[in-house]
Amino acid sequence: MTNKEYESYYVPSQSHWPIVGAIALFMIAFGAANYVTDLANETSGYGGYLLLAGIALVVYMLVGWFSDVISESLTGKYSHQMDNSFRQGMSWFIFSEVMFFAAFFGALLYLRVFSVPWLGGAGNNVSTGAVLWPDFVAQWPLLTTPDGTTTTAMGWYGLPLINTVLLLTSSITAHFAHSALIKNNRRLLKIWLGLTIILGLAFMFFQVQEYAHGYSEEMRLFLDSGVYGNTFYLLTGFHGMHVTLGCIMLIVMWFRVLKGHFTPENHFAFQAASWYWHFVDVVWVMLFVFVYIL
Amino acid sequence: MTTDTLDNASTADSHHDSFGDNHDHKMTGIKRWLYTTNHKDIGTLYLWFAFIMFLTGGALAMVIRAELFQPGLQLVEPDFFNQLTTVHGLVMVFGAIMPAFTGFANWMLPMMLGAPDMALPRMNNWSFWILPFAFAILLGSFFMESGAPNFGWTFYAPLSTTYSNGSTAFFVFAVHIMGISSIMGAINIVVTIMNMRAPGMTYMKMPLFVWTFFITAYLLIAVMPVLAGVVTMLLTDTYFGTSFFDAAGGGDPVMFQHIFWFFGHPEVYIMILPAFGIVSTTIPAFSRKRLFGYSSMVYATSSIALLSFIVWAHHMFTTGMPLFGELFFMYCTMLIAVPTGVKVFNWVATMWRGSLTFETPMLFSIAFVILFTIGGFSGLMLAMTPVDFQYHDTYFVVAHFHYVLVTGSLFSIYAGAYFWLPKWTGHMYNDTLSKWHFWCSLISVNLLFFPMHFLGLAGMPRRIPDYALQFADFNKWVSIGGFAFGLSQLIFLAVVIKCIRGGEKAPAKPWDGAIGLEWTVASPAPYHTFSTPPSQQDIDNADQHGH
Amino acid sequence: MGKHKLTWLVLVSLFANSAWAETQLNLTKGVTAVSRDVYDLHMLVLYICTTIGVLVFGAMFWSIAFHRKSKGAKPADFHESTKVEVLWTAIPIVILIAMAVPATQTLIAMEDNENSDVTIQITGSQWKWHYKYFDQDIEYYSVLSTPRKQYQNQQETNVVKGKNYLLEVDKPLVIPVNKKVRFLITSDDVIHSWWVPAFAVKQDANPGFINEAWTRVEEPGVYRGQCAELCGKDHGFMPIVVEVKSAEDYDTWLNEQQQRIAAAASAEQASLSASMSKEELMQLGETTYTAHCSACHQPTGLGLPPAFPALKGSPVATTGSIKDHLDIVFNGKAGTGMQAYGKQLSLKEIAAVVTYERNAWGNDTGDLVQSADVKAVSGEE
Ligand code: HEA
Ligand code: HEA
Ligand code: CUA
Ligand SMILES: [Cu+2]
């Protein structure tokens, strides 16, 4: 143990990126809060602009921060241990994302298993159904809410099925890209990675189509169409946001590959992006089962 | 051992003088604090921030106590009273206690692990600097037309959705960014502990302090995202017409409580597990005896953490859960007394046949053990579903959680602060003043919180600005205790400022019974410590397990 | 100084006098079988905890007293013992089981809502309780009756607070003694919680759901409680009073209520054709306003903006049409604190309060509103 060669751990010098990031988050939070409040009051204000400026600042910060990291990495400042820190950090970040989705899946299960049946008079809520909602029939998908809002359900075949296939395939291509990187086959790496990105973009395209379909007069499935619409849009919406983020990460990796970054031994960023992509994929499978099929 | 320590300290020191390798020189002035990646600087920032928030939250509590000094509405309108209660709770929980512990983590973890810094130093800075902004938004809502959040720190729907005032969006987004900060801070702690231990420091050789922060960080990563999720649903229910918490659309207001408490109960353990870590460090030091039952402490802490995920609905016994749920959550909650008891017994066993001295950190630690246990007992009473029907939402609950939070978490923070102040500042604190701080706090805090038990049992609900006449006497004493306790905290401020400014020079190891790698470096700790790892012998000496 | 002495007495009696402890410091024993079970459970846990506390703290103080360095104590070297660890894991488990068994029994008894004699629906709303007797056609609101000036110390000085300050209502809930009364508890707006300590009943009133609870009270009398869930501004001002009557008194009361309701209905009918003078309207309007509206819109009519709008100078109450004004009072506004008063007030009262609002605080529109106008609005909905 004691004889082991000691690798020094790189402690970066002072950096102004974090405080820029903090200010950016402040602008996003404060801007978004103002924006939402203005929407509700039907007033107009600067909230939206502040929000956009905050997002722009985050992007600027990320670019700056990561280019510092990349150049440190390329100049060989990072030890094996450093790489581990990044890996572990990324995996725990993904775990926190899992828990974020867990909150929404939890809500979905609670609504389906408890609250909707209770409103219909199940369990110890016989009086709830009999006295307060005598006309309400408990069912899932909840197409007629207790107060009488109606909507239609999104089937699992068609677009959702296509999207499932797309995303599952993209997970496989992402894996192939990674294998190619490890085998140092840059050409295959570019092909598989490019394919992954295309599949991801196609997924997003179809997702937008699906939303348009939901909001059409024919379906009338809106965000505020009772808990079915609520959970449908919030779950698929947050998933969509993560797909978008994942796509952006993959695209950045693509350009870094073009610039000749990454070696078979040293490619943390690529790995992180691919983990993230697999995570997004797993969430989709859960979604497909619990939101669409069941 | 002592000469060895000093030797080591001086090497670390000389290393510090000539530091070069990859660190830049530290900047001066404000930029040092804004741009810093140094765990000690960031720790200091966290600690000061937490203390300022404590004073802020305390000032709000003082207004609450002044209003409740006698029956009738004296100072504030009922709605403003609710804002005070809400923001007091939020600021104390998220602004004072949690950041204070993160401050401890930043200062101590790298030193205890023999690491050069936290694993992700830049992100560390980011985690901290988000906080002042988040609280600026939250506290700023006091100055908005609609006023600050007024629905309690638990923000139950639909009071916080359909019936909320206009500042709800500000509250929601403030919580979002604060959550981001906590998650990043927690990831940093986990990664530091997993990855930055000095070679030779196995998990079971880590100080118990490190263990408790390790487990706490996991809790944070697991539940802060759930909080983010629930405030998001709150936002859409309030502003975008969803009905997660509205029966008319198929939702359920009680679902809010389930999701909130799935976060909220682990959250209260997030505020106590680090406290366990601190007193598990101080009690052995001043008993001059190794910690009793190190491994069982590790297992007990883990059990508490695991159990904390399946007890949440003990906050919801009166919501009309099915009988089965009430029983399940009652049993699981009661079970937590077992591992917690193990901890208490271990502390007592550590003191048993030790060689005790009563420096201020020890005084606070002893008070912690006794008063926290009293809070734990009332917790156990609350856990009994049928009786909780009587206690719920009364001052009995308020008494319970202030015992575990103020005389628990806060007292442990004081114990830790006095314990490590010499290491942080290089000076001994003023002993007389610190004793004043302790005794004044001890007496006033009990005057403040103990009669709340009686108030609750006699039937005084919480979150009310005015009360029936039979509660008047106790409330007066509670308020007097409150003012006295508040003023006593200013003594602490004085002690800290004096200690930073000067005072008796502290040796590398001012407490003869203390063990731990942090005592092998000079006081004040050099800006960079352990750029080269400590020796195996130092690590073995620091092992609380004892061999 | 009298009060201070009393407090000392209370503090001293904490240690000396347990009779005191029962009335002032401790949980109420209550007047139902369940509440006594709960009380016993409470005492059981309290004694167990106190005992454990004495043992644990005793051991600690022993060390503090005798194992101190200043007395020359040398530290022992032990720091582990599987035996004691197992012991002090196992013993608490046994104690906990001993506590859990009676707790489970009591809980099961509490949740048994079957076979009730009387069923009452209790609905909380900001900030009053509504009681509706099933099969009796009796329903009414119950509102805090402590006069405002008793609690608004800022404005009034030297007002003596009554004996039941903040714990008194205009119309208490009335239930029969020794009968199993079932409560169906719900809410119109936010979550409230219906709590009467003497019955050991505390159930949240969740909007859109019904929670059940029951009680069987053994002694006639008046029992007081409070709303126990933060429900907004006047959460501290929505007490509960329950009058428990003997079987005969209860029947008499039921009869009175039915007569009162019948009388009110015919008065309602009569008011349609009657036309009230401005004086009468303003007078009734003011009392109604003070009782029902001033909590939010304030006696000054200035409201508490932005949550509760001012009525003084508000277009609705001045230049706007009477119809719109009546509409919001009669039908309320969903999703806000503004309730539908159509079902809470008589036509006459609504006419009066609207007249009052259109003429008070300098809103001198001169408009008069009569019951018939209100009826017209209600018909449209
Ligand atoms: C640091 C924070 C902290 C801690 C550590 C605890 C610890 C515990 N809490 Fe507490 N609790 C809060 C903070 C905390 N709580 C807060 C903030 C609230 C209110 C939230 C709100 O509504 O605003 C609350 C509310 C709360 C409730 C809901 C009350 C209500 O609203 O009706 C309940 C109910 O079960 C409860 C139970 C417990 C239990 C069983 C423990 C246990 O962990 C205690 C275990 C410890 C011991 C039991 C003592 C030591 C043990 C021994 C010496 C062994 C032998 C003992 C026996 C066998 C008896 N707590
Ligand atoms: C960790 C958390 C923490 C801490 C440290 C405290 C500290 C204190 N709290 Fe508490 N409190 C909560 C967490 C905490 N609290 C929570 C979570 C709630 C529930 C909120 C809710 O219902 O939603 C609550 C609710 C709560 C209530 C119930 C309100 C209600 O139900 O309406 C009360 C009432 O007395 C109270 C009082 C106090 C007092 C007097 C202190 C004192 O210990 C504070 C002492 C500190 C100071 C006073 C600051 C230092 C001094 C100065 C700034 C100088 C000025 C001093 C003077 C003028 C004397 N708190
Ligand atoms: Cu109704 Cu509190
Ligand atoms: Cu809890």
Side-chain angles (χ1 to χ4, degrees), chain A residues 1-2 4 6 8-19 21-23 25-26 29-30 32-33 36-37 39-41 65 77 81 84-85 88-89 92-93 95-97 99-100 102-104 106-107 110-111 114-116 118-119 123-124 142 145-147 149 223-224 226-228 230 234, chain B residues 21-24 27 34-37 116-117 119-122 125-126 129-130 133 137 166 169-170 173-174 176-177 180 183 187 190-191 194-196 199-200 221-226 228-230 233 235-236 239-244 247-252 255 258-259 322 531-533 536:
Chain A
M1 259 301 186
T2 30
K4 193 183 135 204
Y6 177 67
S8 78
Y9 193 86
Y10 178 75
V11 176
S13 54
Q14 283 86 349
S15 165
H16 65 281
W17 295 118
I19 186 78
I23 293 172
L25 282 187
F26 170 71
F30 195 64
V36 169
T37 309
L39 272 187
N41 298 342
W65 187 327
K77 289 201 170 111
Q81 197 187 9
N84 262 343
S85 290
Q88 288 168 357
W92 290 112
F93 167 67
F95 175 66
S96 79
E97 292 268 47
M99 291 309 292
F100 181 74
F104 290 93
Y110 183 94
L111 292 167
F114 298 118
S115 85
V116 169
W118 280 342
L119 287 166
N124 63 348
L142 182 66
T145 64
D147 69 351
T149 313
L223 174 62
D224 55 5
V227 288
Y228 177 71
N230 303 162
L234 250 62
Chain B
D21 44 351
N22 40 29
H23 317 299
D24 284 344
M27 292 190 189
L34 290 180
Y35 296 170
T36 185
T37 50
D117 204 295
L120 304 162
R122 271 180 292 229
N125 175 318
W126 197 19
W129 278 107
I130 292 171
F133 289 110
I137 296 178
F170 291 86
F173 286 107
H176 270 140
I177 61 174
I180 293 176
I183 292 171
I187 289 179
V190 165
V191 175
M194 287 177 63
N195 198 28
M196 305 287 285
I221 302 176
V223 300
M224 288 311 281
V226 176
V230 78
M233 289 180 232
L235 183 83
T236 58
Y239 296 98
F240 299 104
T242 60
S243 34
F244 287 104
D252 183 355
M255 181 170 86
H258 280 290
I259 309 177
S531 298
T532 49
Q536 185 64 44

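Below, read A as the first sequence line, B as the second, and so on, with proteins coming before strands; counting in each chain starts at 1. For the numbers below, each heavy atom of this structure counts, side chains included, while hydrogens, waters and symmetry mates do not.
Annotation: maximal heavy-atom pairing with chain A below 4.5 Å, among B:Ala247, B:Ala228, B:Ala174, occurs at B:Ala247. When each of B:Pro322, B:Gly250, B:Gly241, B:Ala169 is scored by its heavy-atom pairs under 4.5 Å with chain A, the top score falls to B:Gly250. Taking B:Phe170, B:Trp129, B:Phe244 one by one and counting their heavy-atom pairs under 4.5 Å with chain A, the maximum is reached by B:Phe170.
When side chains are defined from C-beta on, A:Leu111 counts as touching B:Met255, because their heavy atoms get closer than 4.5 Å. Using a 4.5 Å cut-off on side-chain heavy atoms (C-beta onward), A:Met99 and B:Val223 make no contact. For the pair B:Phe240/A:Val36, a side-chain contact is recorded, criterion being any heavy-atom separation below 4.5 Å from C-beta on. Using a 4.5 Å heavy-atom cutoff, the side chains of B:Ile180 and A:Leu25 are in contact. Between B:Asp252 and A:Phe114 the shortest side-chain heavy-atom distance does not fall below 4.5 Å.
Within the 4.5 angstrom heavy-atom criterion, only side-chain atoms of B:Tyr239, from C-beta onward, approach chain A. With a threshold of 4.5 angstrom between heavy atoms, B:Ile259 approaches chain A through side-chain atoms but not through N, CA, C or O.
Between A:Leu119 and B:Gly251, the shortest heavy-atom contact is CD1-O, 4.0 Å.
Remark: side-chain polar atoms of A:Ser15 are not paired, donor with acceptor, to backbone N or O of B:Arg122 under 3.5 angstrom. The closest donor-acceptor contact from the side chain of A:Tyr9 to the backbone of B:Ala119 lies under 3.5 Å.
In this structure, B:Ile130 CD1 and A:Ile19 CD1 are separated by 10.0 Å, a value rounded to the nearest 0.5 Å.
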